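What you see is a predicted model; the values in this text were computed from it and never measured. Quick note: numbers below take in every heavy atom, side chains included, and nothing from hydrogens, waters or symmetry partners. Each chain gets a letter, A, B and so on, in the order its sequence line appears, and its residues count up from 1.
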Amino acid sequence: MSEKEYFYITTTLPYINSEPHIGFAAEIIKADVIARYQRQQGKHVFFNTGTDEHGLKVYQKAQAEGLSVAEYCDKYSAKFKPLKEKLNLSYNKFIRTTDASHQAAVQEFWRRCFNQGDIYKKKYEVKYCVGCEMEKTDSELENGFCPLHPGQKLELIAEENYFFRFSKYQKQLLALYKQDNFIIPASRQKEINNFVASGLKDFSISRQREKMPHGVPVPNDDSQVVYVWFDALVNYISTLGWPQTESNFAKYWPAVQVCGKDNLRPQAAMWQAMLMSAGIKPSKQILVFGFLTNNGQKIGKSLGNTIDPYSLVEKYGSDALRYYLLAEISTFADGDYSEDKFITRYNADLANGLGNLVARVANLLEKNEIKTKLKPDLTFTDIKKTVTLFEKSMANYHFNEALQIIWEKISELNESLSTQAPWKLEDRAAIASVLIPLAQDIINLAYLLEPFIPLTAVKINTQFQMNQIKKGEALFPRLN
RNA sequence: CGCGGGAUAGAGCAGUUGGCAGCUCGCCAGGCCCAUAACCUGGAGGUCGUCGGUUCGAGUCCGACUCCCGCAACCA
């Protein structure tokens, strides 16, 4: 490779009206796997995440907690930052949409769209529930009434906001969806294609400051603030320094964006249209992940069955959680979490599989005082087939499949050890000739596992690079 | 005719160019004893939702149907 390639990946920014939840943890862990894998491939990686902090809900929650919005944002944004250490993430940028540089970028982005003639002011009617003292969107209504106040008629209030000419970009968006692998999985690309093909309505991109002051000021109109969607999406480029430092932007853009399936429209349609309007290249690729259920039940704040990633890490460690989310659940499909499944998976694969194999081989090497000098070597004959299959799965982001391939190898090594039974042999050289190839395979597997379970990979790597490999502590003690 | 996803062994799932049905857990029977009561071998268990079509051959493609589940935009 003459010159290093650049690679940019970003998660969506979680909205800070609640604590970090397992769904976002799953999303950012997958992004982390991709980022780490790309680094292994020798690329310069820019890995972005952060928090989305504007908008009505944050404004209301701040008031409810008796905090200024700034205090509230600092407090809640800070709840997301420890994910980096707790989940062992490798992102190198944490952007907040309240950052001054981001706000300036939003305004510049707005101006560019405005200059294209894609932003206009329009009066329209919003539905207002007197009972709730709140505006309601159609999707919040049941049979045209507020579910909390079904007897009351909704009032219609005239409001004037800025709109974005989404409809103008229908054809260009449809052309974009012709490109294979723009959105993965393909079914999502089909879905958004059908949605866009069915017709687009312009959407409002501002709010009256009087009602909701917590947002980026609209350029040249003090009475309005930028609507949070429009604002938040711009982070994908403002985080690169756009429009100030074009050089960084030029190197890394366009991005691979990951999101949950609820974010398909904003990412794959609205944001792409916004980029077109501003004269910026579309995203490189959008990966759309599924949702998690808790024991088969939909997870929701109202159901009170949210899963706190921090407590899971506290209990089982970051690698165990990462492994579960990556191995048990198909990358793009919905998946389920339950403690029973977690423990079963942990014991079967991490304790009995990988952990036990490492213990067996290391112990035999130590007991027989066999000296080694190993380092990862993917050209090692015995690992080649595994590497080929592994890379194929990784290219499609099929992480569960990639891990399965590694675990087939682990199983093969356990079998090989049992068959050759070096503990029955007398001759040290013969014992060594059995164990050293196994140790070489293990250190190679650790290399492949680094994007998935980085702490364990480092442990194994350190352990197996020693001249005298020692048994040491169990990597994953069995859970009961 | 709103959009999309799913239906594969007792449970949970994988099967992306159509080619003898796989994985994990659980269950039964052996082996081993280096290891984290771990590991290895063998076995029982499936009309791949239903019906029809294409094909030498379909879980995999096409059509119809049944049953589940999301979404239905300006709520971030």
Side-chain angles (χ1 to χ4, degrees), chain A residues 12-17 52-58 97 124 126 134-140 161 163-164 166 185-188 190-198 200-207 227-233 261-266 269-270 290-291 293 296 298 327-330 332-336 338 340-341 343-345 347-368 392-393 396 398 400-401 404 407-408 411 413-425 431 434-435 471 473-480:
Chain A
T12 52
L13 303 189
Y15 195 61
I16 55 167
N17 64 341
D52 177 6
E53 309 185 5
H54 286 126
L56 184 63
K57 286 194 176 170
V58 164
T97 57
Y124 68 117
V126 295
M134 264 179 73
E135 288 172 16
K136 296 280 168 177
T137 59
D138 286 339
S139 59
E140 289 176 304
N161 289 143
F163 276 69
F164 175 71
F166 194 28
S187 56
R188 296 291 173 203
K190 210 169 90 185
E191 185 179 344
I192 197 68
N193 180 75
N194 291 348
F195 166 70
V196 172
S198 73
L200 297 177
K201 280 197 258 177
D202 295 349
F203 56 90
S204 70
I205 54 170
S206 73
R207 288 293 181 272
Y227 181 56
V228 62
W229 260 127
F230 191 92
D231 157 12
L233 288 166
K261 64 183 182 182
D262 57 334
N263 251 290
L264 178 64
R265 287 176 189 185
M270 295 177 186
F291 276 1
T293 51
K298 189 177 168 179
E328 178 76 17
I329 294 150
S330 273
F332 300 104
D334 291 347
D336 187 50
S338 78
D340 281 354
K341 279 191 201 167
I343 290 171
T344 301
R345 201 29 115 146
N347 281 335
D349 293 357
L350 297 176
N352 302 348
L354 178 62
N356 188 47
L357 172 69
V358 166
R360 294 175 84 185
V361 173
N363 180 55
L364 287 165
L365 285 165
E366 183 176 7
K367 269 183 31 181
N368 291 290
K392 199 178 157 197
S393 294
N396 296 323
H398 289 180
N400 54 326
E401 205 176 276
Q404 199 187 316
W407 257 263
E408 275 166 20
S411 180
L413 298 180
N414 262 322
E415 182 190 336
S416 171
L417 187 57
S418 296
T419 310
Q420 299 187 76
W423 50 89
K424 285 183 180 166
L425 302 175
I431 296 171
V434 171
L435 294 177
K471 187 183 169 194
E473 298 275 299
L475 290 173
F476 297 99
R478 212 184 137 80
L479 301 169
N480 293 304

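- When the nearest nucleotides of RNA chain B are assigned to A/Arg188 and A/Lys471 by heavy-atom distance, the more 5′-ward of the two goes with A/Arg188.
- A 4.5 Å side-chain heavy-atom check between A/Arg207 and A/Val228 finds every atom pair outside the cut-off.
- Residue A/Gly55 is classed as having no contact, given no heavy-atom separation below 4.0 Å to the nucleic acid.
- In this structure, of B/rC74, B/rA73, B/rC34, it is B/rC74 that holds the atom nearest to the side chain of A/Arg207.
- In the set B/rG70, B/rA76, B/rA35, B/rA35 carries the atom at the smallest distance from any side-chain atom of A/Arg360.
- Using a 4.5 Å heavy-atom cutoff, the side chains of A/Leu417 and A/Arg360 are in contact.
- Taking the P atoms as reference points, B/rU41 lies 16 Å from B/rG22, given to the whole Å.
- Nearest nucleotide to the A/Ser418 side chain, out of B/rU36, B/rC40, B/rA76: B/rC40.
- The distance between atom CG of A/Leu200 and atom P of B/rA72, rounded to the nearest whole Å, is 16 Å.
- Residue A/Pro477 is the one, among A/Pro477 and A/Gly353, whose nearest nucleotide of RNA chain B lies closer to the 5' end (criterion: closest heavy atom).
- Considering only heavy atoms from C-beta on, A/Asp334 stays 4.5 Å or farther from A/Thr293 through its side chain.
- In this structure, the aromatic ring of A/Phe203 is not positioned over the six-membered ring of the base of B/rC74 within 5.5 Å between centres and 30° between planes.
- Among the nucleotides B/rC39, B/rG4, B/rA35, the one closest to any side-chain atom of A/Asn414 is B/rC39.
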request  = Would you sketch RNA chain B in dot-bracket for me? Only Watson-Crick or G-U wobble pairs with both distances under 3.5 Å count, crossing pairs as [ ], other-strand pairs as |, the rest as dots.
outcome  = .((((((..((((.....[..)))).(((((.......))))).....(((((..]....))))))))))).....

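- Nucleic acid contact class of A/Phe476 (heavy atoms, under 4.0 Å, all strands): base.
- The side chain of A/Arg478 lies closest to B/rU36 when the candidates are B/rG70, B/rU36, B/rC75.
- If you check every strand for non-hydrogen atoms under 4.0 Å, A/Ala232 touches nothing.
- Residue A/Lys424 is in sugar-phosphate contact alone, with no base atom involved, counting any heavy-atom pair closer than 4.0 Å across all strands shown.
- A/Phe332 places a side-chain heavy atom less than 4.5 Å from the side chain of A/His398.
- Between A/Phe476 and A/Asn347 the shortest side-chain heavy-atom distance does not fall below 4.5 Å.
- The residue A/Phe164 sits apart from the nucleic acid: no heavy atom pair falls under 4.0 Å.
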remark   = Protein-proximity profile, nucleotides 11-29 of chain B, B/S/- by nucleotide at the 4.0 Å heavy-atom cutoff, equals -S-S-B--------S----

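- When heavy atoms are screened at a 4.0 angstrom cut-off, A/Leu475 is found touching base atoms of the nucleic acid.
- Looking only at side-chain heavy atoms (C-beta outward), A/Asn356 and A/Arg478 stay at 4.5 Å or farther from each other.
- Side-chain contact, A/Glu415 with A/Thr419: no donor N or O sits under 3.5 Å from an acceptor N or O.
- Looking at heavy-atom distances under 4.0 Å, A/Asn363 makes contact with sugar-phosphate atoms alone, never a base.
- Closest contact between the side chain of A/Ser187 and the listed nucleotides B/rC39, B/rG4, B/rC74 involves B/rG4.
- The closest side-chain heavy-atom distance from A/Leu264 to A/Phe195 is not below 4.5 Å.
- With B/rC34, B/rC40, B/rA73 as the candidates, the nucleotide lying closest to the side chain of A/Arg265 is B/rA73.
- Closest contact between the side chain of A/Tyr15 and the listed nucleotides B/rA76, B/rA73, B/rU36 involves B/rA76.
- Taking the six-membered ring where tryptophan is involved, the planes of A/Phe164 and A/Phe203 are tilted, since the angle between them lies from 30° to 60°.
- The closest side-chain heavy-atom distance from A/Phe291 to A/Asp262 is below 4.5 Å.
- Nucleotides B/rC13 and B/rG18 have their C1' atoms positioned 22 Å apart, rounded to a whole Å.
- B/rU60 and B/rA7 have their P atoms separated by 11 Å, given to the nearest Å.
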